[in-house]
Peer 1: 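Pasting in a structure now, in structure tokens, and then I'll have a few things to ask.
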Amino acid sequence: MSDAGYDHESVERRWQEAWDEADAYRTPDDIEDPTYVLGMYPYPSGKLHMGHVRNYTITDAYARFRRMQGDEVLHPMGWDAFGLPAENAAKERDTNPRDWTFDCIDTMRDQMNAMGFGYDWDREIATCTPEYYQWNQWLFSRFHDEGLVERRDAEVNWCPHCETVLADEQVEGEAELCWRCDTPVEQRELEQWFLKITEYADELLEDIDDLEGWPNSVRQMQRNWIGRQYGTELDFAIDGYGSVEAFTTRVDTIHGATFFALAPDHPISEAVAEEDEDVRQFIEHEADPEGDEPNGVETDLTATNPVTGDEIPVYVADFVLSDVGTGALMAVPGHDERDHAFAQKMDEEIKPVIAPKPEDWDGETVPDAPDVSEEAFTDDGVLVNSGDYSGLKSEVARERLTDEIDSAEEATQYQLRDWGISRQRYWGTPIPVVHCHDDCGAVMVPEEDLPVELPEFINTTGNPLDAAEEWKRTTCPECGGEATRETDTMDTFVDSSWYFLRYVSPGAEDVPFDLEQANDWMPVDQYVGGIEHAVMHLLYSRFFTKVLADHEGLEHREPFTNLLAQGMVQLEGEKMSKSKGNTVSPQRIVEEYGADTARLFMMQAAQPERDFDWSEEGVRSTYAFLGRLKGMVEDYVADEPDGENDTVASYVDAEIDATIAIASEEYDDLTFNRALRETQDLTRTLRQYATHADPHPATYERGLSAVVRLLAPVAPHLAEELWDDLGNDDLVADAEWPTAEVDRDHVRKRRQLVQNTREDIRDIVEVAGIEEPTGIDVVIAPEWKYDALEIAIESDADNLIGELMQESHIREQGDAAADYGQDLQAEREALSMTLSPGEEHAALESAAWLIEREFDAPVRVVRAADADDSVLKNATPGRPGIEIDD
RNA sequence: GCGAGGGUAGCCAAGCGGCCAACGGCGGCGGACUCAAGAUCCGCUCUCGUAGGAGUUCGUGGGUUCGAUUCCCUCCCCUCGCACCA
């Protein structure tokens, strides 16, 4: 057989047409609760890349598996169709974002079909259509009604290259670069629309615990992102400025607060700068919040420590951030590393007020103060130098101090900020607001006037919406006077925060999604996508789902039950990327080897969540495998064998069961690589069988039929072809998953026995230097040894031998029983039950052909009763005796 | 620095208390088939060994256990995420 493979092109075309004709992947609206399998919808950039292919092969394989298992399945696809690249592309090509986007969508849809992905295209959505984005606007206005929308001045991340605002999450790394174009991000003050995700911070955080179907890494990333911290807010008085609120998680260290620090843009800092030249100089020129070095300048002010009454110096310092806590902090250099570094630099006092808790602490005695001159002690401990509070544990002191300081109260801080959704771009959902020229302010566009549709694209450097004069001019819905449309569009993450709900009822005209249907069909059972969305998309989707549950009657508070973050496809250990120029084009692979090969290679190469290396060699061997399988089926059909249902057939039959049992479990766990390995092993076994003997037709066909179906989720086209060859009238996509009634433990033991026996024979032949064996006897251990083993496992008597000898049929064995008893005693704790003598006999009998074939000598599997004592001596349960003649 | 996940034979990579010298793949070696090559199939691939044996291994050093690659601790290294976060 050659490695020429097969005519994949005609096979794939034929079955794609057949699926089309049969509407094989439609999910009718009237079903109860389908298994919802979803891959993160792509941005239509123009071409599928390997990452897409991997992502969507995973969902497709799983969806097909579930369908064959008898589930109803919802497996839709759509397009994350708004976004900046379309605008840039339109400018470059002198077209408009809409046409460019729809061209890309058409191309990618064709490519997906060429890959054989089984989507219900009747549910396709594209977020850039008014039919979709009107619901973004509707949701925005509903959020507004519920007080979850806010317009406020905000310092925003501004990318000068993209001319747009970026969310914090879109700013990458320490250098603060734009996630799309790697331009350094600047800060700008703009009026922005925000969604108040912080209102849901607690629930978003706490519910993470219940997301058991999510990877830990993603859960942890979300926890970090939300960043909840409990602490104390309290006032320090600064003369001339009244009281200033500071937040601290370590109020227990307050006696060690030796100075106070304000953010450069704190109102007091700004006021001081008016009069103090040094402070102004610092704020305007020296402050460098990004730098590693903590910088600051001392003011003439002092702050009063509310506990000690001490007057401590006030600094303006760049390591104090206005958006963390209150933008003002009490500095405790003895117990905070950053404060320590700053105090050393400014030569401020460093005072120990917490001592490590002594190991044998009595709970009262005040320990000695630690030396904090060189390094801060940052752990909790026991208070010292803290007046009445000395001798308390940190934890207790925090509670008492928060209680007893007049201005202090418990406070919770979050790292999570409200979600700024304003973008100064064209290709997005217009924010449905008009600005009244009179006094009505910013007014929501009434529901009946939605959607606010995008005007024609204008090619300009700024925001094209700002240049659309006619579109901008409108009337105020409240007073009827002149008004101007809001020109900001929404962050595209708004679109993706609920698209999974739209698939449920994509044609709904009066609602974003059919509530009843969504309540039945949601949540998504299996969601698959890249780890890059661990925070943003997945957090926003959870937020939307919770809001919809609170205000729109959705009966689910989490959108995705199980999440799989798929690994990268790499080339020689490096991530494939256009900029590195190390991409492999899916299109080329499909042309050369076919979609099935590409899919099968990817799924068998690694577990879905792991990275793996693309290998042309691996692709070729996968292709060859499919070709060989096709040959096997064709040979079988062309010339049906008529072998006996003998022991060899029984071996093959047992292997078929074993493979089905294992592969089914692995498919269920999405560990396709293991399922496919088993399937390929079985294929090899079948081929060996056909080479070795004239196969028993029913057994052989059962094997082929199982292999074809086990492969169908991953290599669907060829599976259809072979299923058809085997004489089936239905589509394999609709076929029943093969079943087997064996448990994996039994399979494991059986395979182990055969494997060990074969290895032992090889060992003996090798070590004894037997050139040409003339006969091999495999002898099952006598029944009494199995009994003895069972007794040994169950017994907890000290003297096992004694216990065994109570059984007369064991005692009768004399020395042999004593010897075996010794062996059992020695391995007492490690014993486990083997197959029964009868099962061992059957297993070895059916595997005897493998040994005969290998050594070219007759093999007898002998029961103990028919064997010589000399061989029996070495035979134990799980380990037959072996006698080789030469 | 904090958090998460890792470190397994030449390489990739399973296993996560006992048939574990450790699945599988790649690479290498030998054999069958072939005129030959390729493909395919069968073995071998830590060391020693003339009947299935023995010895040394799973980042480092300890510990728990009858028994540890598997559990606990120390340290070292890698990858990812977060980070002047008060």
Side-chain angles (χ1 to χ4, degrees), chain A residues 1-4 174 215-225 227 229 231-232 246-251 253 261 263 288-295 317-321 323-332 336-339 341-342 378 413-415 531 534-535 573 604-607 610-613 615 617-618 620-621 624-625 627-628 671 673-674 677-678 680-681 684 687-688 691-692 748-749 751-753 755-770 826-832 834 850 853-856 871 874 876 878-884 886:
Chain A
M1 207 178 296
S2 80
D3 63 342
E174 214 136 318
N216 277 333
S217 57
V218 174
R219 296 208 274 173
Q220 197 55 38
M221 281 160 80
Q222 294 213 349
R223 286 191 192 103
N224 289 343
W225 191 260
Q229 267 192 312
T232 303
F247 175 81
T248 177
T249 54
R250 291 297 305 274
V251 71
T253 63
D288 174 23
E290 268 89 61
D292 288 340
E293 181 82 355
N295 301 305
D318 62 4
F319 64 85
V320 185
L321 308 177
D323 62 348
V324 174
T326 60
L329 61 85
M330 66 173 208
V332 185
D336 180 281
E337 277 169 27
R338 186 207 45 222
D339 294 349
F342 191 74
T378 58
Q413 285 286 327
Y414 300 88
Q415 201 172 300
I531 188 74
V535 176
Q604 63 165 33
Q607 290 180 23
R610 304 191 82 106
D611 298 343
F612 78 93
D613 258 21
S615 138
E617 181 60 41
R620 272 197 288 271
S621 89
F625 166 78
R628 284 197 300 277
T671 40
N673 56 327
R674 291 196 207 126
R677 183 161 94 196
E678 286 295 329
Q680 294 191 346
D681 281 352
R684 187 185 310 185
R687 191 165 45 236
Q688 289 171 348
T691 321
H692 176 263
R748 217 197 69 240
K749 282 179 176 158
R751 286 185 171 175
Q752 190 103 51
L753 173 70
Q755 179 76 5
N756 285 352
T757 306
R758 293 178 67 191
E759 275 169 15
D760 282 347
I761 295 171
R762 278 179 212 131
D763 259 9
I764 295 168
V765 168
E766 161 93 24
V767 175
I770 299 170
E827 286 175 72
R828 197 75 187 274
E829 309 287 339
L831 299 172
S832 64
T834 59
L850 291 168
R853 200 187 45 160
E854 185 174 340
F855 296 96
D856 200 22
V871 195
N874 291 325
T876 59
R879 189 123 206 234
I882 295 164
E883 168 104 331
I884 301 174
D886 59 345

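Quick caveat: nothing in here was measured; it's all calculated off a predicted structure. Residue numbering restarts at 1 for every chain, and letters A, B, ... go by the order of the sequence lines.
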Peer 1: Given the C1' atoms of C82(B) and G28(B), what is the spacing between them in whole Å?
Peer 2: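 The answer is 45 Å between these two C1' atoms.
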
Peer 1: Can you tell me whether the side chain of Asp763(A) and the base of G52(B) have a donor-acceptor pair closer than 3.5 Å?
Peer 2: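 There is none.
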
Peer 1: Per the side-chain hydrogen bond (donor to acceptor under 3.5 Å, both in side chains) rule, which among Asn756(A), Asp760(A), Asn874(A), Thr757(A) passes with Arg879(A)?
Peer 2: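 When Asn756(A), Asp760(A), Asn874(A), Thr757(A) are each tested with Arg879(A), the side-chain hydrogen bond (donor to acceptor under 3.5 Å, both in side chains) holds only for Asp760(A).
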
Peer 1: When the distance from CD of Glu617(A) to P of G28(B) is rounded to whole Å, what number comes out?
Peer 2: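 One finds 10 Å between P of G28(B) and CD of Glu617(A), rounded.
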
Peer 1: Does the C41(B) base have a donor-acceptor partner in the side chain of Arg684(A) within less than 3.5 Å?
Peer 2: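 A donor-acceptor contact between them is absent.
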
Peer 1: 5'-most contact on RNA chain B: Gln607(A) or Asn295(A), nearest heavy atom basis?
Peer 2: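 Taking each residue's closest nucleotide, the earlier one in sequence belongs to Gln607(A).
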
Peer 1: Compare side-chain N and O positions of Arg338(A) against OP1 and OP2 of C85(B) and report whether any pair is under 4.0 Å apart.
Peer 2: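 The answer is yes; a side-chain N or O of Arg338(A) sits under 4.0 Å from OP1 or OP2.
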
Peer 1: Roughly how far apart, to the nearest Å, are C42(B) and U57(B) at atom C1'?
Peer 2: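 Those two atoms are separated by 29 Å.
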
Peer 1: Does Leu321(A) or Asn216(A) map to a spot on RNA chain B nearer the 5' end, using the closest nucleotide for each?
Peer 2: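 That would be Asn216(A).
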
Peer 1: Taking CG from Asp339(A) and C1' from C85(B), how many angstroms apart are they, rounded to a whole number?
Peer 2: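 Answer to the nearest Å: 12 Å.
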
Peer 1: Nearest whole Å is fine: how far is G5(B) C1' from Asn224(A) CG?
Peer 2: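 In whole Å, G5(B) C1' and Asn224(A) CG are 14 Å from each other.
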
Peer 1: Under 4.0 Å: is that the gap between some side-chain N or O of Arg762(A) and OP1 or OP2 of G43(B)?
Peer 2: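 Checking G43(B) against Arg762(A), a side-chain N or O does come within under 4.0 Å of OP1 or OP2.
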
Peer 1: Given the C1' atoms of G61(B) and U79(B), what is the spacing between them in whole Å?
Peer 2: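 Between the two C1' atoms, the distance is 24 Å.
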
Peer 1: Taking CD in Glu337(A) as the centre, count heavy atoms belonging to other residues, nucleotides or ligands within less than 6.0 Å. Is the count above 12?
Peer 2: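 No, the 6.0 Å shell around CD holds no more than 12 heavy atoms from other groups.
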
Peer 1: Which nucleotide wins on minimum distance to the side chain of Leu329(A), given the candidates A4(B), G52(B), A86(B)?
Peer 2: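 For Leu329(A), the side-chain atoms sit closest to A86(B).
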
Peer 1: Please state the C1' separation for the pair U8(B) and C78(B) - nearest whole angstrom.
Peer 2: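 Result for the C1' pair: 15 Å, nearest Å.
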
Peer 1: For nucleotides A4(B) and C72(B), find the distance between their P atoms and express it as a whole number of Å.
Peer 2: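 So the two P atoms sit 13 Å from each other.
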
Peer 1: Atom CG of Asn756(A) to atom P of G53(B): distance rounded to whole Å?
Peer 2: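 Asn756(A) atom CG is separated from G53(B) atom P by 10 Å.
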
Peer 1: What is the separation between atom CG on Asp886(A) and atom P on G52(B), rounded to the nearest whole Å?
Peer 2: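 For the pair Asp886(A) CG and G52(B) P, the rounded distance is 15 Å.
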
Peer 1: Is any side-chain heavy atom of Arg758(A) closer than 4.5 Å to a side-chain heavy atom of Leu850(A)?
Peer 2: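 Result yes, sub-4.5 Å side-chain heavy-atom pair found.
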
Peer 1: Arg620(A) side chain N/O closer than 4.0 Å to the phosphate oxygens (OP1, OP2) of A39(B)?
Peer 2: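 No, Arg620(A) has no side-chain N/O under 4.0 Å of OP1/OP2 on A39(B).
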
Peer 1: Which whole number of Å gives the distance between the P atom of A21(B) and that of A68(B)?
Peer 2: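 That atom pair is separated by 12 Å.
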
Peer 1: Hey, are the side chains of Gln688(A) and Arg684(A) touching, using non-hydrogen atoms and a 4.5 Å cut-off?
Peer 2: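 Sidechains of Arg684(A) and Gln688(A): in contact.
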
Peer 1: Determine, step by step, whether Arg219(A) and Gln222(A) satisfy the side-chain hydrogen bond (donor to acceptor under 3.5 Å, both in side chains) criterion, reporting the C-alpha distance in whole Å, the side-chain angles of both residues, the deciding distance to 0.1 Å, and the verdict.
Peer 2: CA-CA 5 Å; Arg219(A) 296 208 274 173; Gln222(A) 294 213 349; over 6 Å; no

Peer 1: How far, in whole Å, is C80(B) from C75(B) if one measures between their C1' atoms?
Peer 2: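 Going atom to atom, C1' in each nucleotide, I get 22 Å.
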
Peer 1: If the P atom of C29(B) is compared with that of G81(B), how far apart are they to the nearest Å?
Peer 2: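 Per the computed distance, 41 Å lies between those P atoms.
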
